[in-house]
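Letters A, B, ... are given to chains in the order of the sequence lines, protein chains preceding strands, and every chain is numbered from 1. Keep in mind it's a predicted model, so treat the numbers as computed, not measured.
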Amino acid sequence: MRATPASLASEPDLAAAEPFSERLLAWYQHAGRHALPWKVDPTPYRVWLSEIMLQQTQVSTVLKYFDRFTTRFPDLQTLAESEEDAVLAAWTGLGYYRRARNLWRAARQVADEHGGQFPDSIEALQDLPGIGRSTAGAILALAFDQRATILDGNVKRVLCRIHGITEWPGKREIEQRLWRLAESHTPASDVAAYTQAIMDLGAKLCTRRNPACEECPVRDLCAARSLGLTGQIPAPAPRARLPERDACMLVVEDSNGHVLLERRPEQGVWGGLWCFPEYPDSEDPKVAVQRLADCPETVMLMREQMRHQFTHYRLNLTLCHVRIPDRAPLQVGERSLDWFAPEELSTVGLAAPVVRFLKPTRQH
DNA sequence: CAGGCGTGGTT
DNA sequence: TAACCAAGCCT
């Protein structure tokens, strides 16, 4: 028997006494998601990458990016030696772009500080940018089969129901309790399978809406079920009304189809990505163009209204389309501006308005 | 330490 | 349509 960690002592003896993890493992053998690409070949690099991509992002979305990304960056060495822009380009469309910049930085840190080998301690993992407590636990459990614990949205939902926790799981006190519960359920062996099992249970049976309780291997342990509270757990997050913001951007094209883009600052929305230059609402667009590029003739083509929906606010965009005769010299100043030929656009990270500008059915 | 950070899916 | 959310982390 291994010693019980001190952090588990305060939570009543669940792990030792009840067959929770064993039932999950048995269910997982025949009903789990065994075909996920990061599960089929669970190297530390692939598990790490998948965990970063999966932060606040659904599996179905990640599946569209994962294989393409690992083909372009097959190992940590390749990633560490690549340009940040190439990583952002591969991440374009996935969202939360700080994840991509942190991914690139973490790869360089592992190369520099750990000789290119992924560390296998919780402290060293959490020291890498973009890796927090849960992601570190996931890497240890899934890639190294160490006794470590995760607490993601799936696990929170499962544990809230099993233990009949009716308060919002994001609340600090509740989250701390959930960590203790998650640790107490984690078995000493088969940690990789157990960790995947509890996530798969949350994804396939214990879903937010219409959970398949009849098929659940631990339904007789479920407090929410016995209390008739399954539909009300987990409690929704308290939210404020959606605010709106306004912005104006210039779409400057020359006669050869080159586009003028600006690299956005790292801290805000679309951080580090290339986007149409913003200009103040109060400014005349022609003057705004003059501030960016030295071009004598400016032809205003059209104004376009575009709404962009984020999680926490709505962005009302005014796009001002402008054509100039040829690539004009840039009036750089503080801003990071550059002209892009059409074929260059796939080599850098592009913000959503640019992606939408490139794709759409522009049949004229 | 609440709030910021994206996109696509569901209801 | 608009709200809500999905394998969280960082400041």
Side-chain angles (χ1 to χ4, degrees), chain A residues 33 36-39 42 46-66 88 91-103 105-106 125-139 141-143 149-159 168-173 175-176 178-179 182 195-204 206-210 231 234-245 264-273 275 307-315 349-356 359:
Chain A
R33 297 177 291 183
L36 296 172
W38 48 88
K39 164 66 188 165
R46 290 167 64 85
V47 169
W48 166 57
L49 174 64
S50 73
E51 288 300 324
I52 301 299
M53 284 187 169
L54 286 161
Q55 287 169 5
Q56 301 289 284
T57 307
Q58 299 193 347
V59 171
S60 60
T61 302
V62 169
L63 285 173
K64 298 170 196 160
Y65 286 81
F66 188 83
L88 283 169
W91 207 270
T92 293
L94 247 188
Y96 285 142
Y97 298 97
R98 190 175 58 178
R99 294 183 296 177
R101 301 194 306 271
N102 282 339
L103 193 81
R105 289 183 193 130
L125 285 169
Q126 281 196 246
D127 189 50
L128 297 169
I131 298 182
R133 184 173 176 183
S134 187
T135 300
I139 295 170
L142 297 173
T149 301
I150 63 164
L151 188 64
D152 60 15
N154 283 317
V155 177
K156 282 181 181 173
R157 186 170 57 255
V158 169
L159 294 182
W168 175 52
K171 191 177 172 186
R172 170 172 289 279
E173 173 198 343
E175 184 157 356
Q176 288 177 357
L178 287 170
W179 269 111
T195 301
Q196 193 64 50
I198 192 168
M199 285 191 289
D200 286 6
L201 186 80
K204 296 191 70 175
C206 197
T207 51
R208 167 163 285 276
R209 280 174 299 270
N210 304 321
R239 281 200 202 282
R241 197 181 62 79
L242 211 63
E244 294 190 25
R245 299 180 193 178
R264 295 184 62 90
E266 293 209 344
Q267 59 268 32
V269 136
W270 299 314
L273 301 193
C275 190
R307 277 218 302 233
H308 200 85
Q309 189 69 50
F310 296 105
T311 302
H312 292 292
Y313 64 95
R314 174 162 62 221
L315 188 63
L350 297 177
V354 184
V355 173
R356 209 187 299 182
K359 291 217 158 159

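Nucleotides C:dA7 and B:dG4, compared at atom P, are 23 Å apart to the nearest Å. With P as the reference atom, B:dG8 and C:dC9 are 23 Å apart, rounded to whole Å. Straight-line distance between the P atoms of B:dG3 and C:dC4: roughly 16 Å, to the nearest whole Å. B:dC1 sits 15 Å from C:dG8 when the C1' atoms are compared, rounded to a whole Å.
The residue A:Tyr65 sits apart from the nucleic acid: no heavy atom pair falls under 4.0 Å. Heavy atoms of A:Lys171 sit nowhere under 4.0 angstrom from any nucleic acid atom.
Scored by the side chain to side chain contact (heavy atoms under 4.5 Å, CB included) test, A:Glu173 finds A:Lys171 as partners (sequence neighbours excluded). Residues meeting the salt bridge (Lys or Arg N to Asp or Glu O under 4.0 Å) test with A:Arg98, sequence neighbours left out: none. The salt bridge (Lys or Arg N to Asp or Glu O under 4.0 Å) check on A:Arg101 picks up A:Glu266, with sequence neighbours excluded. Residues meeting the salt bridge (Lys or Arg N to Asp or Glu O under 4.0 Å) test with A:Arg99, sequence neighbours left out: none. For A:Phe310, the ring pair (Phe, Tyr, Trp, His ring centres under 6.0 Å) partners at least two apart in sequence or on another chain are A:Trp270, A:His308, A:Tyr313. Every residue meeting the ring pair (Phe, Tyr, Trp, His ring centres under 6.0 Å) condition with A:Trp38, not counting sequence neighbours, appears here in chain and number order: A:Phe66. Judged as a salt bridge (Lys or Arg N to Asp or Glu O under 4.0 Å), and not counting sequence neighbours, A:Lys204 has no contacts.
Nucleotides of DNA chain B with any atom under 4.0 Å from a heavy atom of chain A span, from 5' to 3', B:dC1 to B:dT11.
Both A:Lys64 and A:Trp270 lie close to DNA chain B; mapped to their nearest nucleotides by heavy-atom distance, the more 5′-ward contact belongs to A:Trp270.
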What string of B, S and - do you get for nucleotides 1-11 of chain C, 5' to 3', if B is base contact, S is sugar-phosphate-only contact and - is no contact with any protein heavy atom under 4.0 Å?
-S--SBBBBS-
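Using a 4.5 Å heavy-atom cutoff, the side chains of A:Ile198 and A:Asn154 are not in contact.
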